[in-house]
Amino acid sequence: MRCPAVAGSLLAVLGAAVEARADEHEAELGASATGGLARVAEKGATDADTVPAVGVGARLSYGVRNWLAVEGHVAIANLGEAEYQDMRVSIAGGSPRDGDLTRTTRTARAVGGALLRGGVAWVPTAFLGAGVQGRWQGAAAFSATGGTPDGYDDTLAVDLVATARVGLDRRLGRRWVVGAAVGVTHAFPLGGPAFDVVEGGLSLGAFWYPL
Amino acid sequence: MRRWMMVAIAVAVGTVPARGDAQTAGSTTAQTANGESTVLVPPQGGTARIAVTPNTNVLLTFPEPLSKRAVVSTTDWEIKDLADADGVFVRATSANAKDTTLALITKSARIQVNVTLTVARAPADALTLVRFKASTAEEAFLAAVQAEVARQTASLRAEVAEIKRAIATKMRERLDDMIGRRILARDEQIKLDAHDRSDDHVIVHVERVRFLGEDAWLVFAIENRSGAPYRLAKVEVKAPNGKEHAGQVSVLSMLGDEDSGVIGVVGAGARGRVAVALRRVDDLLARPLVLKITEPGGRGEVIVRRGLVLR
């Protein structure tokens, strides 16, 4: 698929999995909407394709210090259709043919890490974490015939991921916070093709003292 | 007032000892300091008693030359006229020097004073310089009254200070006794972990409760993450039935504030600690309490509603 660069760039500035910034002893539960660009490789393809990624996330954090929180978040995303050109594939055991492949991907990941917080009302943030990701790759379509090439059926790939993110939150009072952030996630595939995503997003969170 | 009346009152006031150094009659010791003394002599003349340290020169000065007839040495006392100054110096030749008396008269006879020299019982009572000055009867009377008032009020002040010291000591003893009894009855600390905050980023961290006897002290911190000082005016601890149980509030690490009704001020970005007494906490055990702090006028309210259960 062609790179929707303009749309992806607009989404990227909105921030990805944004975490609210709790004070010490304070917990936060939040939700975020994300958008960005994912670069997805494919077996047999010489070049990876860049596709838009749109998703939602939820997170839970706990402030161990005013400046430091531990955070876990989960996020799912739906990626646009990736297109890989000049692929040599065979269909139903037939002779190899050259042509383009298209394929869609959905991801779900869980990440835990540390969140640095640099403010009170306006809170610059930086997050670094690691986790796992599942990638559901749909059956690929061969452009010339519309069939699914051999070896390109529905499949699940598992990755280890590392995520870095920076953002800015605005605390609205005792309870609520809104924020925006941008981040990047790099996958370390466990047998699957390479994968990276740059995301931006907006978030809304609520605080409470759990103890 | 007629002069004879003043003189009579001055005599009635009596001698005016000042630090036991220059005791006077008919004259007045105006002031003493560092072994110095000033004696005011009324027109009718006066007396003075001067204590000295043995073998120490003591200078007696006058505003005009003395009559030479007055300067006479004895075995125990060496008395010399000062040729270049208006005065004499005296010296006791031994610690056993017997008291002696000098009649000192200035040439114009404005000052006539009978001085008794004696060896000081304590070094602190000894003088090294005594100034004699002529005064009017009114001045001498006024000085005598002031000196006597000062002497009497000094004793009263000392008495009051002694009473205060005794009361403070007694209070401290009773306080120690009360604390000791409470410790024997119950001395326990329970960690608490309750927190809450205001919209203005003022956070209360309830840390612990200390049980001492039938009372307890709730200890919490006020963390001020706002940009303005937090002026703590009121601390409330309420039981579920709404009854108020907060007693004396003590603060630490807080700035002072002159305003009335303010317990303490937590500066912007600072953290202050507070202990609030809870009386007879047996009634409060196992019941959820609510802690509330406010600034003057009810502003800056922070309420901790969860996690405050004493056991």
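Each chain gets a letter, A, B and so on, in the order the sequences are listed, and its residues count up from 1.
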* Check whether any side-chain heavy atom of A/N66 sits under 4.5 Å from a side-chain heavy atom of B/E223, and report yes or no. =>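 The answer is yes; the side chains approach within 4.5 Å.
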
* Looking at side-chain heavy atoms only, is the closest gap between B/H205 and A/H25 below 4.5 Å? ->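 In contact.
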
* Please test A/Y209 against B/R197 for side chain to side chain contact (heavy atoms under 4.5 Å, CB included), starting from the C-alpha separation and ending with a verdict. => CA-CA 9 Å; A/Y209 285 99; B/R197 62 179 293 155; 3.9 Å; yes

Does atom [atom1] of [X] have more than 12 heavy-atom neighbours from other groups under 6.0 Å away?
X: B/R181; atom1: CZ; result: no
X: B/R182; atom1: CZ; result: yes
X: B/R186; atom1: CZ; result: yes

* Any ion pair linking B/D200 and A/R174 (charged N to carboxylate O, less than 4.0 Å)? ->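 Salt bridge flag = no for B/D200 with A/R174.
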
* Please report the closest heavy-atom contact between A/V120 and B/H201, naming both atoms and the distance. =>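 Closest approach of A/V120 to B/H201, heavy atoms only: CG1-CG, 3.3 Å.
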
